[in-house]
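Note that these values count all heavy atoms, side chains included, but never hydrogens, waters or copies made by symmetry. Each chain gets a letter, A, B and so on, in the order its sequence line appears, and its residues count up from 1.
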2 protein chains.
Amino acid sequence: MNIGEIARRAGVSRSTVSYALSGKRAVSEVTRRRILRVIDEAGYRPNASARALAEGRTRTIGLVIPPAGRRLTPIQLGFVAGIVAAAGRHELDVLLSPSGGEHDRSFERIIEGRRVDGVILTEIRLRDARAARLRDSGVPFVSIGHTVGAEAGSWVDLDYEGLAAGCVHHLADLGHRVIALLNRPREFLDSGYGPASRALAGFTAATAARSLDATTVCCPDDATAGQNRVEDLLAARPEITGIVTVNEAALPGVERALRRLGRAVPALFSVTGVVGRHWAEEFHPPLTAADVPVEEMADRAVELLAERISAPAAPARHVLLRPPISLRASTAPPSP
Amino acid sequence: MNIGEIARRAGVSRSTVSYALSGKRAVSEVTRRRILRVIDEAGYRPNASARALAEGRTRTIGLVIPPAGRRLTPIQLGFVAGIVAAAGRHELDVLLSPSGGEHDRSFERIIEGRRVDGVILTEIRLRDARAARLRDSGVPFVSIGHTVGAEAGSWVDLDYEGLAAGCVHHLADLGHRVIALLNRPREFLDSGYGPASRALAGFTAATAARSLDATTVCCPDDATAGQNRVEDLLAARPEITGIVTVNEAALPGVERALRRLGRAVPALFSVTGVVGRHWAEEFHPPLTAADVPVEEMADRAVELLAERISAPAAPARHVLLRPPISLRASTAPPSP
DNA sequence: TTGTACGCGTTATCAG
DNA sequence: CTGATAACGCGTACAA
C-alpha cells in the first residue's frame, strides 16, 4: 500500500493525500475525511525511507558508545536508556554505533550515508577523532562530556572539578585531615579523559586550599582493583581517614577492603565521591555522594541535539551540571 | 554530491556508476577506474535513504529492549553490546526500541514505517504482544528467550531447566541434602517469564529425582532484596547448606547475608547457579556457575535473523544453549 | 483547492 | 560492454 494507491481510491492526487496527513496545506474537510477513511481501511502507513529521502531528514539520531570490548559501565548503560527514552519523546529513533577509534565502520556508515540527523557522542576524549569527523561532515552533534578547546560543539557535562572539591570540603568540614582520591584508570587520565583529570584538579585544589594531606591514586574500573588499591593505599598510609572516589565500579572492592582492614564506615573511616545513584545505594552503608544525574544529562543532550538539528547555525550551548551531594551514611568525623 | 553528478563528470550514465560500484553488471576496467577516481575526488557516498528506498531494505535491524523504567540488568546490556557488535559484522545497523507493553510508539514507528529489515526481541513474555504484532506484519524476527507454543518464530535461548538441574546435581554429588533455589522476582514467574519458570521446573524435578529437601524463593533483582531473602531463608530453615541462584543482581546481597550469618563459602555453605560471567567473577569467592554466554547468544540471534531476512519462507530455527558449569570456588561438600 | 514535477540510488528492460 | 528509461514512494515548491 502506498500513497498513490490511497490517492487513486480517494479520487484525489497524491499531494492532496500527503497534505491531508501533514496539515501543511489546507484541504477541504470533506476531502480530508474521505482520504482518512481510505487510509484507515487500507491500513496505510508512509514508508520511512521514502519519507526520509523526500524530507532530507531521517528522524533518527546516532548514539555513539564505546565498542563492546571495553566494558560498558552502568552509568553508560544509563545514558543509553535515558537517551533512547528522551529521543522517543522527540519522536526520534536511535541508531546505536559502537565506535571508538579512527575509522569505524558503523560510524562511517551512519555519517556518510546520512542515516542520522544528528549524533550524540559519549566517552569523549581530548582529541576525539569522531568529533573532528562530525565537524568536518557538518552533522550536528552533542557530546556527553567535554574537553578544553571543544567550545565549538554543544555538550552536557558534570562539574567533576567542583564536585570533587565539594567532597573534599565535606570531609574537611567533618574534621578529616588526611584523605585520598580514588580516581579512574591511569590510561584514562593519560589520554585526557575529562572526568578523571577534572576530578583530580578539583581534589588537588581543594585539599591545598584546606591544607589537607592528600594522596591520589588511579584504579582500574573493577571491584578487584578497587580492593587492592585501597588495601595498598592504607598499608602505605594508615593515617588516611577518608576517601573521595569517582570510580564507581571499584566501590564493591572498596567496601571489602575496608571491612578486611577493620575500618568500619563511617565510625572509623569515611567514603564519599561522585557515582551513579545505584552504586551509592548498593554500598554498605549507603554512600554519601554526588549522584550522577544520568537521566537529566540524557534529557539535556537530546534537547540540545534537537536544537542543533533545527537550527544548525545557532551558537553551541554548554550545560555543566553540578548535582548536590546526597547525605547518606558513609561519612562522619574521624575517630580521635 | 549524487550519483547523477558523478555520472556526468565521468561521462557515463547513472546506471553505469551504480554497476561499477556494485559489480552487478560487467563494466570495462577503464570505465570502472575512471568512475572510481571521480567518486574519490568528489568524496561521493550513496545516500542511505535513497538506497533503502530503491532496494526495499534498510540494512538495519531493530533491537527491542525493556523500557528505561525497568532497570536493565548487566546481562541485558551484554545482549545490546553483543548484538550491535554482531550486527556490525553483517554490515547491519541497529535501531534501539525500548518497548514493553501493547502500543509502543517507537516500536510502531519502526514496524509501520518499515524502518528495519528484521527485529530482535529480548525479555520475551508468555503472551508477547510484540511478537504477535511482528507475526501479523510479516517482519522477520528472532527472540532471545522463548515461550512454549512459540515454535513458529526463531529463537535463541538458554536451557535454564537443564542448567538448574545441573546445579542441583552438582550440589547433590557433593553431598548436600537440603538446598534452596533463589529465583527471579515473583512477578516474572507469574507473567510466565521463561527463565524463571524453567529454572524452577528444572530445580524441582532434579531435587525430586535426587530426593533432596528443596525450598524455592523468589527475589527482586537487587542486592538488598538478595540479602533479606537469604537471611530470612536461613532463619526459617537453618539446615540449608547450599543455594542455586538464577538471580545475578541479588548476588552481592547473598554474599553479605552469608558473611553476616557466619556461613563461610564454601567451607560451611555452597553457592552456585546461572549468572553472567562478570557477576560470577566478582563474587567472593568466585562463583562456581554456568556462565550466561551473552556474546554467543547475541551472535546466534543476529545470525538467525540474517537468515530469516534473506529467506523468510525457510522454517524457523531454534538454538537452545547449555553452557557448562565453570568450576570456581564457591561449592564444596557440606560441613558435617 | 488541486495537480505536476523533481530528487534520491538501484535494478530490470530494451536498445544499441 | 554501455546507455537510456522507468519504477520504487514520499514531501513539497510551484504552477494552475
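- Residue Ser49(A) has no polar side-chain atom (N or O) positioned under 4.0 Å from OP1 or OP2 of dG9(D).
- Thr16(A) comes within 4.0 angstrom of the backbone, heavy atoms only, and of no base.
- We find that CD of Glu29(B) is positioned 15 Å from C1' of dT2(D), with the value rounded to whole Å.
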Exercise for the section: Give DNA chain C the dot-bracket treatment, 5' to 3': Watson-Crick (N1-N3 with N6-O4 or O6-N4) or G-U (N1-O2, O6-N3) under 3.5 Å, [ ] crossing, | other strand. Expected result: ||||||||||||||||
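- Between Arg105(A) and Glu108(A), none of the side-chain N atoms (NZ, or NE/NH1/NH2) sits under 4.0 Å from a carboxylate O, so this pair counts as no salt bridge.
- For Ser15(A) against dG3(C), a side-chain-to-base donor-acceptor contact under 3.5 Å is present.
- Residue contacts shown for Ser22(A) are absent, as no nucleic acid heavy atom lies under 4.0 Å away.
- Between the CZ atom of Arg115(B) and the C1' atom of dG9(D) there is a distance of 15 Å, rounded to whole Å.
- Of the candidate nucleotides dT10(C), dG9(D), dG11(D), dT10(C) has the atom lying nearest to any side-chain atom of Pro46(B).
- Ion pairing of Asp104(A) with Arg109(A) is absent here, as no side-chain N (NZ or NE/NH1/NH2) approaches a carboxylate O to less than 4.0 Å.
- When each of Leu53(B) and Thr31(B) is assigned the nucleotide of DNA chain D bearing its nearest heavy atom, the one mapping closer to the 5' terminus is Thr31(B).
- Under 3.5 Å, the side chain of Arg25(A) and the base of dT2(C) form at least one donor-acceptor pair of N or O atoms.
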Problem - Full working for side chain to side chain donor-acceptor pair (under 3.5 Å) between Ser13(B) and Thr16(B) - result: CA-CA 5 Å; Ser13(B) 75; Thr16(B) 302; 3.2 Å; yes
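- At dC10(D), one or more side-chain N or O atoms of Tyr44(A) fall inside 4.0 Å of OP1 or OP2 (strictly under the cut-off).
- As rounded to whole Å, 17 Å separates atom C1' of dG9(D) from atom CD of Glu112(B).
- The shortest side-chain heavy-atom distance between Pro140(B) and Asp117(B) does not fall under the 4.5 Å cut-off.
- Distance Asn47(B) CG to dG9(D) C1': 14 Å, rounded to the nearest Å.
- In this model, no side-chain donor or acceptor of Arg114(B) finds a partner on the base of dG9(D) within 3.5 Å.
- In this structure, of dG11(D), dG9(C), dG3(D), it is dG11(D) that holds the atom nearest to the side chain of Ile3(A).
- Regarding Glu55(A), its CD atom lies at a distance of 16 Å from the C1' atom of dC6(C), rounded to whole Å.
- OP1 or OP2 of dG9(D) sits under 4.0 Å from a side-chain N or O of Asn2(A).
- In the model, Ser49(B) has no side-chain atom that pairs as donor or acceptor with a side-chain atom of Ser49(A) under 3.5 Å.
- Contact annotation: side chain of Tyr19(B) to base of dA12(C), donor-acceptor pair present below 3.5 Å.
- Classification of Arg59(B) and Asp93(B) as a salt-bridged pair fails, no side-chain N sitting under 4.0 Å from a carboxylate O.
- The side-chain contact (heavy atoms from CB on, under 4.5 Å) with Ile120(A) is formed by just one residue from the set Ile65(A), Val64(A), Val302(A); it is Val302(A).
- Going from atom CE of Met1(B) over to atom C1' of dG7(C) covers 15 Å, rounded to whole Å.
- Backbone-only contact: Val12(B) has heavy atoms under 4.0 Å from sugar-phosphate atoms and none from a base.
- In this structure, Gly11(A) reaches neither bases nor backbone, as no heavy-atom distance under 4.0 Å exists between it and the strands shown.
- Not a single donor-acceptor pair, N or O on each side, falls under 3.5 Å between the base of dG9(D) and the side chain of Arg51(A).
- Side-chain contact of Glu5(A) with Tyr44(A): a donor-acceptor pair under 3.5 Å is absent, judged by distance alone.
- Taking only side-chain nitrogens and oxygens, Lys24(A) comes nearer than 4.0 Å to OP1 or OP2 of dT12(D).
- If you measure from atom CZ of Arg14(A) to atom C1' of dC8(D), you get 10 Å, rounded to the nearest angstrom.
- Across the protein-nucleic acid pair, Arg34(A) atom CZ and dT2(C) atom C1' stand 12 Å apart, rounded to whole Å.
- Annotation for Arg33(A): atom CZ does not count as buried by contact number, only 12 or fewer foreign heavy atoms lying within 6.0 Å.
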